[in-house]
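Only a predicted model underlies this, so the values are computations on that prediction, with no experimental measurement involved. We count ligands from 1, going down the list as the structure has it; atoms in each ligand are counted the same way.
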Amino acid sequence: MDASVIAPRYLTDHWHDAESAFDVTSPSSGSVLGQAADCGEAEAKAAVDVAWRAFEHWRDVNPFERAATLRRWHGLIMANQDELGRLMALEMGKPIREGRGEAAYSAGFVEWYADEAKRIYGTWFPSHLPGKRLLAIKQPVGPAYAITPWNFPAAMLTRKAAPALAAGCPMIVKPAKQTPFTALKLAELWLEAGGPPGTLQVLTTFKPGPVTQVMMDDPRIRKVSFTGSTDIGKLLYRQAAETVKRLSLELGGHAPYLVFDDADLDRAVSQVLACKFRNAGQTCVCTNRIYVQDGIYEAFAERFAAATAALVMGDPLDDATDIGPLVDGAGLAKVVEHVDEALAKGASVATGGRATGGLFYAPTVLTDVSSDMAIMHEETFGPVAPLMRFSSEEEVIAQANDTPYGLASYLYTRDLARAIRVSEALEAGLVGVNDGVPAAPYAPFGGVKESGIGREGGPWGIEEYLEIKYVSFALG
Ligand code: NAP
């Protein structure tokens with residue numbers, strides 16, 4: 001793949017050749033993969049006009065017909081699973097096995113919401129007055145704007161677009177600058193599935209600010225859905241206030257993993273490993289800090305370090321690869337900074353602990369970690385697992401909750417009462433009990449505290465794109 005294969009274009013109600021463009025580079029090889037359109041204010045304004053026209057049509061399309069279109073889209077995404085996996089490996093360095101998995105996960109949202117389109121129910125409810133009949137119906141909120149991150153270029157797009165489209169809302173997507181091609185491919189498949197022009201638009205850009213400002217200023221954009229960092233989420237929260245838009249924010253996390261003395265050690269090691277090193281540690285629900293109880297600390301650390309050292313780092317296009325590169329220089333610099341700071345404050349390296357060339361960083365386990373280290377408070381977003389000891393349940397719950405974030409948290413125990421007690425006490429939108437990879441298209445996903453607002457996935461996800469209208473009938 002080279003620049004002559006992927007030419008810059010963007011999608012409104014038809015494909016446009018870009019007037020200006022930017023290079024998209026492989027984090028693995030450093031080579032230029034192609035160019036993406038650098039959309040600005042003019043393209044954004046035109047996209048809102050298109051979205052409004054599409055809304056006037058799409059909201060009235062029979063939900064069973066919307067469902068059928070989504071089902072065809074699902075089929076096409078699955079038929080292109082390998083190609084989407086390959087695009088993600090090229091654009092952002094996700095190991096290809098994981099990329100294929102993400103393609104299937106992204107299709108899972110489309111399949112789920114194809115069915116949900118048919119279940120947008122209203123409710124008749126009683127009045128205390130005679131001769132009245134009361135009804136609550138659900139209607140699409142209107143044109144929506146989505147901003148997606150590079151770390152799940154396919155799944156974050158469908159997790160937002162599928163419920164929007166099922167509900168009757170056209171969507172404009174602005175993908176991350178590192179991953180425009182996966183988004184464009186999904187949009188191409190939507191059109192191939194019979195999605196009406198203008199219902200799903202993709203504006204790629206190197207400067208997200210101006211495009212987003214147009215969306216925020218225009219009252220016809222009724223809903224904004226964002227997945228990304230907490231800092232940008234706060235900015236969008238303020239911007240959306242001006243026209244009082246509905247907002248979903250899926251933001252950063254700092255997931256604790258609590259491993260209790262009674263854990264099945266081998267299973268705990270494999271679950272923590274899967275949770276930590278997925279996507280080279282670059283997911284919002286990857287555990288960032290691992291608390292291990294005194295009685296099993298040494299044994300856990302030894303087995304976990306050995307399992308980590310056995311992970312295969314290499315070319316994301318290779319099926320054998322477990323760990324690919326970091327997404328960019330800034331991502332690598334943050335990992336180096338966190339490890340160096342921890343070592344300077346007394347941490348030890350059990351395995352890894354070094355950059356290995358290009359954007360690669362060896363999967364790392366740190367021991368002798370203390371809570372004053374940056375890695376225990378800030379998202380590292382890399383393949384580094386800091387281990388800390390704890391003695392009591394109360395102490396570790398307090399440490400786990402001592403963060404402004406509240407996205408995912410995990411625990412490992414065989415004690416049922418403890419599993420219930422601790423999962424209730426953890427301040428998080430999702431808790432994995434003996435489960436390091438709990439996310440699913442039919443489950444609610446989202447955070448508390450500064451990790452976000454709203455839920456995506458399952459029946460909860462479509463409510464974000466629906467307004468409730470109350471209709472009162474006086475029979476006279
Ligand atoms: P980011 O900088 O916030 O970028 C995310 C998206 O926001 C990208 O599309 C980016 O565009 C865009 N953006 C940046 N500045 C913007 C602005 N001023 N106005 C409008 N849009 C803007 O986040 P990141 O560091 O790339 O992604 C990783 C973060 O996402 C982590 O914090 C992670 O925890 C979080 N995340 C959360 C979830 C969840 O579901 N809660 C899932 C995945 C990731 P450009 O690419 O052009 O900069």
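Remark: ligand 1 and N151 share no N or O pair separated by less than 3.5 Å (distance only, no angle test). Taking distance alone, with nitrogen or oxygen atoms compared against 3.5 Å, T148 approaches ligand 1 more closely than that limit.
Put simply, the residue from L426, V292, T287, I290 that forms a side chain to side chain contact (heavy atoms under 4.5 Å, CB included) with L258 is L426. Here the options are Y410, F390, Y291, the test is ring pair (Phe, Tyr, Trp, His ring centres under 6.0 Å), and the partner is Y257; only Y410 passes.
Legend: ring pair (Phe, Tyr, Trp, His ring centres under 6.0 Å) pairs involving residues 7-51, not counting sequence neighbours, sorted by first then second residue: Y10-H16, H14-H16, F22-F206.
Distance check, rounded to the nearest 0.5 Å: CG of L70 to OG1 of T158 gives 10.5 Å.
Note on ligand 1: F152 sits outside its first shell, no heavy atom being nearer than 4.0 Å. Ligand 1 lies out of reach of K207, whose nearest heavy atom is not under 4.0 Å from it. Under a 4.0 angstrom heavy-atom cut-off, M216 registers as lying outside contact with ligand 1.
Shown here, atom 45 (P) of ligand 1 is in close reach of the protein: a heavy atom of it lies under 4.0 Å off.
Counting only distance, with no hydrogens or angles, the side chain of T205 and the backbone of G40 share no donor-acceptor pair below 3.5 Å.
A cation-pi geometry, defined here as NZ or CZ lying under 6.0 Å from the six-membered ring centre and within 45° of its normal, holds between R159 and F445.
Comparing F22, W150, Y145 against atom 25 (O) of ligand 1, the shortest heavy-atom distance belongs to W150.
Of all atoms in ligand 1, numbered sequentially from 1 with element shown, those under 4.0 Å from a heavy atom of Q178 are 46 (O). Near T227, with a cut-off below 4.0 Å to any heavy atom, the atoms of ligand 1 are 5 (C), 36 (N), 37 (C), 38 (C), 39 (C), 40 (O), 42 (C), 43 (C), 44 (C).
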